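Worksheet: the structure to be examined is printed underneath.
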Amino acid sequence: MTDKVRTRFAPSPTGEPHIGNAHSALFGWLFARHNHGVFILRIEDTDVERKVEGSVEKILEGLRYLGMDWDEGPEVGGNYGPYFQSDRLDLYHKYARELVESGHAYHCYCTEERLEAMRAEQTSRKLPPGYDRRCRNLTPEQGETEERKGIKPVVRFKVPLYGQTRFHDEIWGNISFENNTIDDLILLKTDGFPTYHLANVVDDHFMEVTHVLRAEEWLSSTPRHILIYNALGWTPPLFAHLPMLIGPDRSKLGKRHGATSVLEYREQGYLPEAMVNFLALLGWSLDDKTEIMTREELIRYFTLERVSKTAAVFNHEKLKWMNGVYIRKLTPEDFAQRCLPFLKKAFPDIALPNDYVRRVLPLVQERAKILFEVPGLTRYFFTDKLDYDANLLIGKGMTAETTRQALLVAKERLEKLPAFDEQSLEALLRPLTEELGIKAGQLFGALRTAVSGETATPPLFQMMAVLGRERCLERIGDAIQRLSSLPGK
RNA sequence: GCCCCCAUCGUCUAGAGGCCUAGGACAGCAGCCUUUCAAGCUGCCGACAGGGAUUCGAAUUCCCUUGGGGGCACCA
């Protein structure tokens with residue numbers, strides 16, 4: 001045995017990597033890193049029915065996106081493999097057999113139909129559903145009779161009829177269950193695969209996992225696991241059940257609450273550092289004020305003592321805010337790098353010259369909350385045709401005609417402006433408002449819309465400077481046209 | 001129905017008997033800044049689920065009630 005901390009993340013490949021799983025994984029990862037321990041990734045693919053092709057890759061992608069590296073597991077190997085449960089069936093069979101031989105487990109021949117009927121009956125009589133232990137005391141002869149009928153048995157664990165099972169949870173404290181409320185769970189299914197309970201115990205034991213960090217939903221199956229450890233003569237690891245992530249209605253986080261796949265967040269342009277920071281703060285806190293923390297700080301400060309017991313609502317609003325914080329902290333170059341894929345995807349047929357893109361992007365960096373909205377915020381920098389309602393050109397207290405006149409004069413002056421940069425533009429346009437006898441907002445608003453087709457944009461002079469003289473003049477000319485042909489004007 | 005838990009602003013949380021007329025953050029609202037939108041700044045709104053008990057003193061300890069969650073599969 002080693003005294004080094006070893007934790008694991010043990011997802012089952014049944015679909016998109018769930019944000020709730022990512023949360024648990026993160027806590028396990030932070031705990032391992034904080035303690036200079038080992039973070040193991042184990043794939044629990046024991047449910048043939050629910051297995052979804054390609055989900056292992058997605059799980060790995062999700063972890064990579066969030067920057068959670070694993071020391072042992074798929075792709076990296078390790079001394080405790082294999083790390084796919086489907087490659088460890090012999091091991092599970094061995095210990096299932098051992099449990100049967102030692103009298104801790106038995107073969108059960110009950111059909112699924114019978115079990116279902118039994119449960120329905122129990123539920124209708126308002127009794128707790130559970131196996132009635134019909135096969136618990138079958139004689140060898142009775143067993144053989146069933147076998148001859150061609151019925152394949154499952155292996156069930158013989159839960160003690162009396163007494164209680166206690167354990168200590170690092171977060172919840174001491175928990176105790178009456179054994180008579182636990183039914184004889186299945187260890188080995190008829191298809192030869194183990195259930196979670198057996199596989200989990202066997203693997204955590206042989207992989208020398210020291211701390212099992214998993215979501216609270218597992219709390220009530222922990223006594224079963226303890227019982228199995230004991231029956232096998234093994235020392236259980238330490239358990240720490242983590243608060244669950246729930247939706248705004250306080251139920252288990254699901255599709256109807258919005259995006260649940262980690263990869264969806266990547267596609268929407270949530271920065272991994274923001275995701276990690278946000279997730280860490282769901283059920284854990286450092287103190288009464290610190291919220292923005294780097295990955296290194298999270299690792300340094302993360303302890304189980306500061307993990308809470310109450311489920312946390314996944315608040316998209318706050319995530320968005322935090323993502324904005326991280327976006328603003330990026331260097332312009334880094335921001336550009338991260339935006340590029342989103343721009344390319346949104347404007348597949350438009351050239352994105354390097355230096356131009358790098359002049360455009362800083363203009364929206366503090367305005368974007370998620371990367372996905374960057375193309376929308378910068379559209380007019382890349383497209384030629386603007387699509388907007390000409391009435392938007394006309395500001396408060398202006399008419400189509402006064403607006404047109406103002407634009408006409410502005411265009412004229414802009415053509416003659418020696419340098420088309422921010423300072424020159426301001427030096428020209430600011431005094432022009434006085435000359436025209438209109439307010440700054442009236443002229444700037446008209447120009448803003450003319451040049452971008454939008455009413456909310458980055459500062460006008462910066463925007464125009466980046467767009468360039470040619471494009472600006474062209475668009476102002478177009479705006480003048482639109483004003484001239486406005487009906488009723 | 002049974003078992004195991006949980007309980008501070010709408011949400012994430014600080015609080016481990018006096019530091020609490022309960023702190024921070026998101027959201028909301030108001031204002032400032034300002035050519036628009038953001039960002040930023042200032043302020044406001046806003047919670048200890050209820051009831052007992054212990055104590056000089058309880059958000060903090062204990063009990064009950066209420067509310068909420070999780071589990072009770074040949075799923076994990």
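Computed over heavy atoms, backbone and side chain alike; hydrogens, waters and symmetry mates excluded. All values reported here derive from a predicted model rather than from experimental measurement. To find a chain, count down the sequence lines: A is the first, B the second, and so on, and within it residues start at 1.
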Sugar-phosphate, base or nothing in reach of A:Pro13, heavy atoms under 4.0 Å: nothing

A:Arg359 charged N/C atom sitting above A:Phe381 aromatic ring, 6.0 Å / 45°: no

Set of ring pair (Phe, Tyr, Trp, His ring centres under 6.0 Å) partners for A:Phe206, sequence neighbours left out: A:Tyr95, A:Trp234

Set of ring pair (Phe, Tyr, Trp, His ring centres under 6.0 Å) partners for A:Tyr270, sequence neighbours left out: A:Tyr265

Contacts of A:Trp172 that satisfy ring pair (Phe, Tyr, Trp, His ring centres under 6.0 Å) - sequence neighbours left out: none

Touch class at under 4.0 angstrom, heavy-atom based, for A:Thr222 against every strand present: nothing

Sugar-phosphate only, base, or nothing, as touched by A:Thr190 at under 4.0 Å among non-hydrogen atoms: base

Rounded distance in Å between the P positions of B:G40 and B:A27: 9 Å

B:A47 and B:C41, which share atom name P, separated by this distance in whole Å: 25 Å

B:G51 versus B:C12 - spacing of their C1' atoms, nearest Å: 29 Å

First-last contacting nucleotides on RNA chain B - partner chain A, under 4.0 angstrom, heavy atom: B:G1 to B:A76

Listed partners of A:Asp184 passing side-chain contact (heavy atoms from CB on, under 4.5 Å), at least two apart: A:Tyr106, A:Tyr131, A:Arg133, A:Arg136, A:Arg156, A:Val159

A:Arg469: partners by salt bridge (charged side-chain N to carboxylate O under 4.0 Å, His left out), with sequence neighbours left out: none

